[in-house]
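Values below: all heavy atoms of this structure, side chains included; hydrogens, waters and symmetry mates excluded.
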Amino acid sequence: MIPSPAKLEEIEVTYRHALRIWWAILWRTALLSALSSLALDHLESSAARLLLPGELPTISHWWSTFCLVQGAILAALIGVAILRLILRRHFDHFRIVLAKHQSYYTEPF
(Lines give C-alpha, C1' and ligand atoms only; values in the text may rest on other atoms or scores of the structure.)
Protein backbone atom coordinates (compact mmCIF):
# COMPACT_ATOMS: atom_id res chain seq x y z
CA MET A 1 0.00 0.00 0.00
CA ILE A 2 1.26 3.45 -0.89
CA PRO A 3 1.29 5.94 1.98
CA SER A 4 -0.43 9.27 1.56
CA PRO A 5 1.77 12.15 0.34
CA ALA A 6 1.73 13.69 3.81
CA LYS A 7 3.36 10.52 5.20
CA LEU A 8 6.08 10.22 2.54
CA GLU A 9 9.53 10.97 3.85
CA GLU A 10 11.50 12.87 1.26
CA ILE A 11 15.16 11.92 1.06
CA GLU A 12 18.01 13.82 -0.51
CA VAL A 13 18.77 12.79 -4.06
CA THR A 14 22.42 11.78 -4.15
CA TYR A 15 24.66 10.79 -7.02
CA ARG A 16 24.53 7.24 -5.70
CA HIS A 17 20.72 7.21 -5.97
CA ALA A 18 20.85 8.74 -9.44
CA LEU A 19 23.49 6.24 -10.56
CA ARG A 20 21.49 3.27 -9.26
CA ILE A 21 18.35 4.41 -11.10
CA TRP A 22 20.29 5.21 -14.28
CA TRP A 23 22.06 1.84 -14.26
CA ALA A 24 18.80 -0.03 -13.58
CA ILE A 25 17.27 1.60 -16.65
CA LEU A 26 20.35 1.44 -18.88
CA TRP A 27 21.34 -2.20 -18.67
CA ARG A 28 17.79 -3.51 -19.07
CA THR A 29 17.06 -1.22 -22.01
CA ALA A 30 20.36 -1.99 -23.72
CA LEU A 31 20.02 -5.74 -23.27
CA LEU A 32 16.40 -6.00 -24.38
CA SER A 33 16.90 -3.59 -27.28
CA ALA A 34 19.93 -5.49 -28.54
CA LEU A 35 18.28 -8.91 -28.27
CA SER A 36 15.02 -7.79 -29.87
CA SER A 37 16.88 -5.95 -32.65
CA LEU A 38 18.95 -9.05 -33.43
CA ALA A 39 15.86 -11.24 -33.51
CA LEU A 40 13.94 -8.77 -35.66
CA ASP A 41 16.89 -8.34 -38.02
CA HIS A 42 17.21 -12.10 -38.42
CA LEU A 43 13.50 -12.46 -39.21
CA GLU A 44 13.50 -9.56 -41.67
CA SER A 45 16.67 -10.73 -43.43
CA SER A 46 15.31 -14.25 -43.78
CA ALA A 47 12.01 -12.94 -45.14
CA ALA A 48 13.77 -10.62 -47.61
CA ARG A 49 15.98 -13.46 -48.91
CA LEU A 50 12.94 -15.67 -49.40
CA LEU A 51 10.63 -13.08 -50.94
CA LEU A 52 13.20 -11.09 -52.96
CA PRO A 53 16.06 -13.50 -53.74
CA GLY A 54 17.73 -11.52 -56.54
CA GLU A 55 16.67 -7.99 -55.64
CA LEU A 56 18.23 -7.56 -52.20
CA PRO A 57 21.30 -5.54 -53.37
CA THR A 58 19.10 -3.11 -55.32
CA ILE A 59 16.89 -2.27 -52.32
CA SER A 60 19.60 -2.32 -49.67
CA HIS A 61 19.52 1.46 -49.06
CA TRP A 62 15.73 1.47 -48.65
CA TRP A 63 15.89 -1.67 -46.52
CA SER A 64 18.60 -0.34 -44.19
CA THR A 65 16.66 2.91 -43.68
CA PHE A 66 13.51 0.94 -42.91
CA CYS A 67 15.36 -1.28 -40.42
CA LEU A 68 17.00 1.74 -38.75
CA VAL A 69 13.68 3.51 -38.20
CA GLN A 70 12.02 0.31 -37.05
CA GLY A 71 14.88 -0.34 -34.60
CA ALA A 72 14.61 3.18 -33.17
CA ILE A 73 10.86 2.78 -32.63
CA LEU A 74 11.40 -0.61 -31.01
CA ALA A 75 14.10 0.78 -28.68
CA ALA A 76 11.83 3.68 -27.66
CA LEU A 77 8.97 1.31 -26.83
CA ILE A 78 11.30 -0.93 -24.84
CA GLY A 79 12.68 2.14 -23.02
CA VAL A 80 9.21 3.23 -21.93
CA ALA A 81 8.37 -0.29 -20.73
CA ILE A 82 11.64 -0.47 -18.75
CA LEU A 83 11.01 2.95 -17.21
CA ARG A 84 7.57 1.78 -16.08
CA LEU A 85 9.18 -1.32 -14.57
CA ILE A 86 11.77 0.79 -12.70
CA LEU A 87 9.07 3.12 -11.35
CA ARG A 88 7.51 0.11 -9.64
CA ARG A 89 10.80 -1.26 -8.30
CA HIS A 90 11.86 -1.08 -4.66
CA PHE A 91 15.54 -0.20 -4.30
CA ASP A 92 17.53 -0.90 -1.12
CA HIS A 93 16.23 1.94 1.03
CA PHE A 94 14.12 3.96 -1.38
CA ARG A 95 11.71 3.76 -4.28
CA ILE A 96 10.55 6.23 -6.87
CA VAL A 97 7.10 7.67 -6.22
CA LEU A 98 5.04 9.89 -8.45
CA ALA A 99 3.18 12.25 -6.17
CA LYS A 100 0.56 14.77 -7.11
CA HIS A 101 1.45 18.34 -6.21
CA GLN A 102 -0.59 21.51 -5.90
CA SER A 103 -0.48 23.68 -8.97
CA TYR A 104 0.25 27.38 -8.66
CA TYR A 105 -2.31 28.08 -11.35
CA THR A 106 -5.99 27.58 -10.67
CA GLU A 107 -7.23 28.24 -14.21
CA PRO A 108 -6.30 26.15 -17.22
CA PHE A 109 -4.18 27.83 -19.87
query = More than 12 non-hydrogen atoms from neighbouring residues, nucleotides or ligands closer than 6.0 Å to CZ on Arg88, yes or no?
reply = no

Path from Leu83 to Leu31 over hydrophobic side-chain contacts below 4.5 Å = no

message = Do Ile86 and Phe91 make a side-chain contact, defined as non-hydrogen atoms from C-beta onward lying under 4.5 Å apart?
response = yes

query = Can you tell if the side chain of Phe94 reaches within under 4.5 Å of the side chain of Thr14, non-hydrogen atoms only?
reply = no

query = Does Leu87 reach the side chain of Arg95, with side-chain heavy atoms less than 4.5 Å apart?
reply = no

inquiry  = Please check this pair: side chain of His17 against backbone of Glu12, looking for a donor-acceptor N/O pair closer than 3.5 Å.
reply    = yes

remark   = The side-chain hydrogen bond (donor to acceptor under 3.5 Å, both in side chains) partners of His90 (sequence neighbours excluded) come to none

ask   = Is there a chain of hydrophobic side chains (I, L, V, M, F, W, Y, each step under 4.5 Å between heavy atoms) that links Trp27 to Trp22?
value = yes

inquiry  = Would you compute the distance between atom CD1 of Ile78 and atom CD1 of Ile73 and round it to the nearest 0.5 angstrom?
reply    = 12.0 Å

remark   = The reported gap from CZ in Arg16 to CD1 in Ile21 (rounded to nearest 0.5 angstrom) is 12.0 Å

remark   = Quick note, salt bridge (charged side-chain N to carboxylate O under 4.0 Å, His left out) partners involving residues 19-28, not counting sequence neighbours, are Arg20-Asp92

query = Honestly curious: do Phe66 and Leu77 fall in one hydrophobic cluster under the side-chain, below-4.5 Å linking rule?
reply = no

key: Same cluster (ILVMFWY, side-chain, under 4.5 Å), Trp23 and Leu32   = no

inquiry  = Within the 4.5 Å heavy-atom criterion, are Ser33 and Leu74 side-chain neighbours or not?
reply    = no

